[in-house]
Each structure stands twice: as structure tokens, then as C-alpha cells.
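One structure is given below, encoded as C-alpha cells.
Every number for a ligand or one of its atoms is a count from 1 in the order of the listing.
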Amino acid sequence: MSCVGFIGTGSMGGALARAAAKSGRAERLLLSNRSPEKALRLAEELGAEAVDNRRAAAESELLFLGVKPQMLEEMLDGIRDVLSARTDRFVIVSMCAGKDLRTLEELLGERPIIRIMPNIPVAVGGGVTLLCASKQVTAEDRALLRGLLGASGLLLELDERQMDAGSGVTGCGPAFAAMFVEALADGAVACGLPRPLALQCAAQMMKGTAELLLETGEHPAALKDRVCSPAGSTIQGVRILEENAFRAAVMNAVIAAFEKKF
Ligand SMILES: NC(=O)c1ccc[n+]([C@@H]2O[C@H](COP(=O)([O-])OP(=O)(O)OC[C@H]3O[C@@H](n4cnc5c(N)ncnc54)[C@H](OP(=O)(O)O)[C@@H]3O)[C@@H](O)[C@H]2O)c1
């Protein structure tokens with residue numbers, strides 16, 4: 001049990017704070033946000049304490065930084081002296097896209113720092129959070145983070161050099177997957193299904209297919225082959241997707257996101 005703080009309780013900071021509250025692993029949960037009402041509202045909902053940045057920085061054993069990357073330096077200017085004055089051990093957890101460990105160490109000094117890259121489905125417990133850690137981070141620190149964020153979905157530790165490639169799938173993928181669901185639903189609407197039903201069918205099909213692949217470990221191509229019966233309707237749909245370079249388009253989307261960097 002420990003004291004966990006969040007500076008920046010917007011959509012991602014808020015979602016992870018909810019997961020932390022759900023875990024029951026935080027003895028105290030401190031929430032701070034530039035517009036204090038947001039932290040206050042969330043603190044009320046979660047039974048946490050709304051504080052200011054300096055108090056979160058002074059008291060948190062695990063301190064999550066949930067501000068936008070372009071706001072990070074300005075925010076740190078306001079708490080740097082508080083962090084430097086601390087003599088106890090604490091770990092910084094940055095979710096700032098594109099801020100690598102070296103940059104974070106330049107900004108914060110050489111201390112235990114964990115860089116995480118969560119994605120939108122953490123809000124419903126179905127997320128993927130990629131992480132990498134500085135040298136000073138211990139097995140206990142990792143276990144604490146895992147315990148806290150367990151309710152948000154899967155946590156995967158990567159070599160930092162793999163973070164941008166992973167993020168191209170996990171961070172950007174929800175947008176690509178949502179487009180696929182939308183397109184499937186559009187097709188069903190064109191064939192006569194009412195929109196809400198079409199969306200429900202498409203999204204549940206995606207969820208179920210993903211669960212099946214994860215649970216069985218089956219290769220996606222093998223699953224596709226199982227669904228395509230000879231002279232059936234599915235193989236006709238597969239033919240149209242191949243004609244339109246569906247798989248190449250999806251691969252290129254991930255590569256474009258990777259090349260843009262985070
Ligand atoms: N959203 C995603 O899918 C996603 C995925 C991976 C990583 N991330 C990372 O998560 C971080 C937050 O993104 P977001 O989408 O959650 O943005 P967001 O909703 O705009 O949240 C950022 C929050 O930070 C607060 N803030 C700004 N400056 C502050 C300061 N000096 N002190 C305290 N709080 C401050 C903002 O307060 P106000 O209410 O006053 O604006 C806002 O509530 C970013 O670094 C982003 O790269 C997000």
C-alpha cells in the first residue's frame with residue numbers, strides 16, 4: 001500500500017486514476033489538475049484527495065505525470081524544487097507521448113522513471129499499456145505499477161527502442177479499429193440493417209474475434225481459413241478486400257504512425 005499521485009487528470013490521467021482506485025492498492029490517491037474542478041470531481045467520485053501539483057509532488061511514492069507533452073516542462077518548473085528536496089524514494093511515471101527516458105532524465109534528473117504508453121481502451125479495462133523503465137527502477141516498483149494498473153488491461157514491458165513500433169499498433173490502433181467497425185456497420189446498413197444494430201453487430205464481432213485469437217493463440221490467417229467455406233460468401237468478401245489492398249493499407253497505416261514518431 002502506498003501513496004499514489006496524478007498531476008493532470010484529463011482523459012488518460014483520469015482513466016488511469018480510476019484504474020488505480022479500483023485496484024485498492026493505493027492507500028492514498030492524490031489528484032491534481034490545472035483546472036482544479038476536474039480533480040475535485042474525480043476525487044469525489046473515487047474517494048481520493050484533490051490537491052495541488054506541489055503536494056502531489058511532495059507526497060506521492062508513485063507520481064503519474066498526465067499533462068500533454070507540450071505542457072510538461074512548464075508543469076515541471078513548478079514542482080522541480082519540491083522533487084529535489086525529497087529525501088525519500090519515489091518513482092515518476094510519465095505517460096507523455098514522445099518523451100523518451102533520456103529526455104525525462106534530462107528534465108527530472110537520474111532517478112527511477114517509468115515511461116508508459118497507455119491507450120484509450122484502458123477506460124473500460126481493455127487497454128494495453130506499454131512501458132519501459134530507467135535503470136533505477138526495481139522489481140518492486142514494477143510490481144506496484146502492475147498492481148495499480150491491473151484493472152486497466154494488459155501491461156507489457158518493452159525495450160525502449162520498440163516503444164514507437166508498439167505504439168503504432170496499440171496507441172493508434174483504436175482509431176484504425178474504430179474505422180473498421182464503422183465501415184462494417186456502413187456495409188450492413190447498406191444491406192438493410194438499422195444503424196444501432198449494425199454497430200452493435202460489428203463491434204461485438206471485433207471483440208469476440210480478438211478474444212478468440214488471444215485465448216487460442218491461433219494464427220489470424222488460420223482463423224480466416226476456418227471461416228471461409230468452399231464457394232461460400234466469406235471468401236468472396238476476402239477477394240474484395242485483397243483486390244482493394246486491405247492488408248497493405250493497414251500495414252502502411254501502422255508504418256506511417258511509426259514514422260511520424262510520438
Ligand atoms: N489520450 C490518449 O489516448 C493518450 C494515449 C497515450 C498517452 N497519452 C498521454 O497522456 C497525456 C494526457 O493526454 P490526455 O489525452 O489525457 O490530455 P487531456 O485530456 O488534455 O489531459 C491533460 C490534463 O492535464 C492538465 N494540465 C495541463 N497543464 C497542467 C499543469 N501545469 N498542472 C496540472 N495539470 C495540468 C489539463 O488540465 P485542464 O483541465 O486545465 O486543461 C488536463 O486535464 C499526454 O501526455 C498524452 O501524450 C494520451
Side-chain angles (χ1 to χ4, degrees), residues 4-20 29-46 48-60 62-83 92-101 103-104 107-108 113-132 145 148-149 152-158 160 162-179 253-254 257-258 260-262:
V4 176
F6 284 80
I7 297 182
T9 56
S11 50
M12 191 47 76
L16 294 182
R18 279 194 178 85
L29 193 56
L30 310 182
L31 307 180
S32 172
N33 195 69
R34 181 175 55 190
S35 46
E37 322 76 68
K38 216 187 254 181
L40 264 169
R41 264 200 315 273
L42 189 63
E44 243 168 59
E45 179 194 323
L46 302 180
E49 297 167 56
V51 297
D52 61 20
N53 288 2
R54 292 177 69 80
R55 224 180 111 201
E59 296 177 23
S60 305
L62 211 58
L63 179 63
F64 285 83
L65 308 181
V67 302
K68 292 274 191 200
Q70 63 272 22
M71 306 301 298
L72 180 67
E73 288 193 39
E74 188 191 319
M75 186 278 285
L76 289 177
D77 286 344
I79 59 167
R80 196 167 278 111
D81 59 324
V82 180
L83 296 177
I92 304 264
V93 183
S94 164
M95 63 189 81
C96 293
K99 299 287 182 193
D100 61 17
L101 287 172
T103 307
L104 293 168
L107 290 170
L108 290 155
I113 301 174
I114 302 178
R115 174 185 169 198
I116 61 171
M117 187 48 130
N119 68 356
I120 283 276
V122 297
V124 292
V128 183
T129 297
L130 306 179
L131 70 101
C132 58
L145 186 75
L148 272 173
L149 298 189
S152 72
L154 185 68
L155 267 82
L156 286 175
E157 181 158 0
L158 302 183
E160 187 165 36
Q162 301 171 321
M163 286 287 276
D164 286 340
S167 302
V169 179
T170 62
C172 307
F176 309 153
M179 285 174 73
V254 175
F258 166 76
K260 172 76 173 65
K261 299 291 178 208
F262 289 87

Determine all donor-acceptor pairs shorter than 3.5 Å in which one atom belongs to a side chain in residues 75-82; sequence neighbours excluded.
| from | atom 1 | to | atom 2 | distance (Å) |
| --- | --- | --- | --- | --- |
| Asp77 | OD1 | Arg80 | NH1 | 2.7 |
| Arg80 | NE | Leu107 | O | 3.2 |
| Arg80 | NH2 | Leu107 | O | 3.3 |
| Asp81 | OD1 | Arg54 | NH1 | 3.0 |
| Asp81 | OD2 | Arg54 | NH2 | 2.9 |

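For the side chain to side chain contact (heavy atoms under 4.5 Å, CB included) with Thr129, the qualifying choice from Thr170, Val122, Leu156 is Val122, the only one to do so.
More than 12 heavy atoms of other residues, nucleotides or ligands shown are found within 6.0 angstrom of CD on Glu45.
Shortest non-hydrogen contact noted between Leu72 and Cys96 is CD1-SG, 4.0 Å. Between Arg115 and Gly98, the closest heavy-atom pair is NH2-N, 4.3 Å.
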For a distance cut-off of 3.5 Å, show me each N or O of ligand 1 paired with any protein N or O, plus the separation.
| from | atom 1 | to | atom 2 | distance (Å) |
| --- | --- | --- | --- | --- |
| ligand 1 | 15 (O) | Ser11 | OG | 3.3 |
| ligand 1 | 16 (O) | Ser11 | N | 3.2 |
| ligand 1 | 16 (O) | Ser11 | OG | 3.2 |
| ligand 1 | 16 (O) | Met12 | N | 2.7 |
| ligand 1 | 17 (O) | Lys68 | NZ | 3.4 |
| ligand 1 | 19 (O) | Ser11 | N | 3.0 |
| ligand 1 | 19 (O) | Ser11 | OG | 3.3 |
| ligand 1 | 32 (N) | Asn53 | ND2 | 2.8 |
| ligand 1 | 34 (N) | Arg34 | N | 3.0 |
| ligand 1 | 37 (O) | Asn33 | OD1 | 3.3 |
| ligand 1 | 37 (O) | Asn33 | ND2 | 3.1 |
| ligand 1 | 39 (O) | Asn33 | ND2 | 3.1 |
| ligand 1 | 39 (O) | Ser35 | OG | 2.7 |
| ligand 1 | 39 (O) | Lys38 | NZ | 2.8 |
| ligand 1 | 40 (O) | Arg34 | NE | 3.0 |
| ligand 1 | 40 (O) | Ser35 | N | 3.2 |
| ligand 1 | 40 (O) | Ser35 | OG | 3.0 |
| ligand 1 | 41 (O) | Arg34 | NH2 | 2.8 |
| ligand 1 | 43 (O) | Gly10 | N | 3.4 |
| ligand 1 | 43 (O) | Asn33 | OD1 | 2.8 |
| ligand 1 | 43 (O) | Asn33 | ND2 | 3.4 |
| ligand 1 | 43 (O) | Lys38 | NZ | 2.8 |
| ligand 1 | 45 (O) | Val67 | O | 2.6 |
| ligand 1 | 47 (O) | Ala97 | N | 3.0 |

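Residues Asp100 and Thr103 bring a donor and an acceptor atom of their side chains to less than 3.5 Å of each other.
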